[in-house]
Amino acid sequence: MKRFRFLFAPEGDPPAGGGEAATDVNPAPAAPVPAAPAAPAPAAPTVFNPDGSFGADWHVALGDEFSAHAATLGNFKNVGGLAKSYLHLQRHGPAYPEDGATPEDVTRFHALAKVPAEGTAMGYGLAIPETASDADKAVFSKIAEVAHKNHVPAPGLKALVETFQSMQVEQVQAFEAEIANQRKAAEDSLVAEWRGNFEANKSTVRHLAGKLAEQAGVNPQSPSFAEMVNNPEFARIVLQVSKLTSEDRLRAPANFGDLRSAQQRVDGIMDGTDPVWGKKYTAGTKAEREAAYNEVSRLLQEAAK
């Protein structure tokens with residue numbers, strides 16, 4: 001039994017025979033390490049000290065929207081100072097400079113109301129069109145000058161001028177659209193009246209009207225002349241004059257040359273009624289016919305312009 005006595009030895013006693021202590025196969029768990037204490041939350045800014053004065057950085061409690069004014073708000077040490085500043089602003093703060101206002105009052109109001117330092121179009125940031133005439137530029141300058149004398153803020157004047165310019169553009173566009181509609185209606189009336197002869201008659205009117213304009217010293221390229229030619233009543237009159245002069249060349253005024261259009265002259269050559277080229281085209285020699293053909297080609301090119 002002594003051989004097995006170590007099996008029944010009390011816990012913690014070494015086994016008999018001086019042998020090594022038995023190894024515990026299930027050691028006790030280690031004691032847990034206590035967690036480090038959490039860092040304390042940052043203290044909220046103190047708005048008021050015990051004596052009633054403002055705490056350091058008291059304005060932080062007002063929120064981010066006041067952060068840009070931290071330096072100014074930091075100058076106030078208590079509610080009394082803040083109240084005095086507000087009352088002073090109410091009594092002496094910037095107001096619209098009436099007659100007799102001091103330069104300091106004007107400067108203070110201009111700084112608050114964003115009135116520019118200079119009463120010019122550039123000072124007010126007015127956008128003057130590059131195509132503006134000297135007279136138009138003078139109008140912009142006068143507007144800026146009067147606005148500055150009356151202490152008008154730059155954003156307000158700029159918005160007003162831009163709105164007016166936009167209205168002007170709309171009015172011009174509406175006017176141009178109305179003119180285009182009138183031209184279309186006038187042309188449609190002549191198309192309905194002249195039908196298949198519209199292009200030929202139109203060419204005749206332009207040719208004869210151009211001849212008359214040159215004799216009268218009128219620029220055929222001017223807008224007013226173009227408006228006149230596009231007038232249906234004027235076109236009918238010119239076409240009638242063209243018919244009368246083509247039927248009887250003696251009715252053509254002196255020094256006017258040939259009043260017929262290029263297409264009318266081609267028609268006269270080809271039907272043999274043209275006094276210069278008619279007979280050459282229809283019954284001339286080979287050389288005369290070739291010259292007449294060349295003249296017809298030239299006139300056709302002129303009529304196509």
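Here the structure is a predicted model, which is why all the values come from computation and not from measurement.
In this model, no donor atom of one side chain and acceptor atom of the other lie less than 3.5 Å apart for Asn201 and Thr204. With no hydrogens or angles considered, no side-chain donor-acceptor pair links Glu227 and Asn231 at under 3.5 Å.
Atom CZ in Arg236 sits 5.0 Å away from atom CG in Leu190 (nearest 0.5 Å). To the nearest 0.5 angstrom, Asp274 atom CG is 10.5 Å from Asp267 atom CG. Note that the CD1 atom of Ile237 and the CG atom of Leu208 stand 11.5 Å from one another [nearest 0.5 Å].
Within a 6.0 Å radius of CG in Asn181, more than 12 heavy atoms belonging to other residues, nucleotides or ligands are found. Counting heavy-atom neighbours within 6.0 Å of Arg206 CZ, excluding the residue itself, gives a total of 12 or less. Within 6.0 Å of CZ on Phe164 lie no more than 12 heavy atoms contributed by other residues, nucleotides or ligands. Counting non-hydrogen atoms of other residues, nucleotides and ligands closer than 6.0 Å to CG of Asp99 gives a total of 12 or fewer. Residue-environment remark: CD (Glu118) stays at or below the threshold of 12 foreign heavy atoms within 6.0 Å.
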Glu187/Arg183 under salt bridge (Lys or Arg N to Asp or Glu O under 4.0 Å): CA gap, chis, key distance, verdict:
CA-CA 6 Å; Glu187 185 171 288; Arg183 289 175 179 171; over 6 Å; no
Step-by-step ring pair (Phe, Tyr, Trp, His ring centres under 6.0 Å) determination, Phe54 to Phe48
CA-CA 5 Å; Phe54 286 138; Phe48 293 103; 5.6 Å; yes
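Tested against Trp277, the residues Glu288, Glu295, Met270 include a single side chain to side chain contact (heavy atoms under 4.5 Å, CB included) partner, Glu295.
The two residues Val47 and Trp58 come nearest to each other via the heavy atoms O-CB, 3.7 Å. When all heavy atoms of Asn219 and Phe225 are compared, the closest pair comes out as O-CB, 3.7 Å. The shortest heavy-atom contact between Val152 and Pro116 is O-CD, 4.4 Å. Listed here is the closest heavy atom pair of Gln165 and Pro129: NE2-CD, 4.0 Å. Pairing each heavy atom of Val229 with each of Phe234, the nearest pair is CA-CD2, 3.9 Å. Taking all atoms of both residues into account, the shortest heavy-atom contact from Ala235 to Trp194 is CB-CH2, 4.1 Å.
Shown here are the salt bridge (Lys or Arg N to Asp or Glu O under 4.0 Å) partners of Glu214, two or more places apart in sequence or in another chain: there are none.
Taking the six-membered ring where the residue is Trp, Tyr281 and Tyr293 present perpendicular rings, their angle passing 60° and hence far from 30°.
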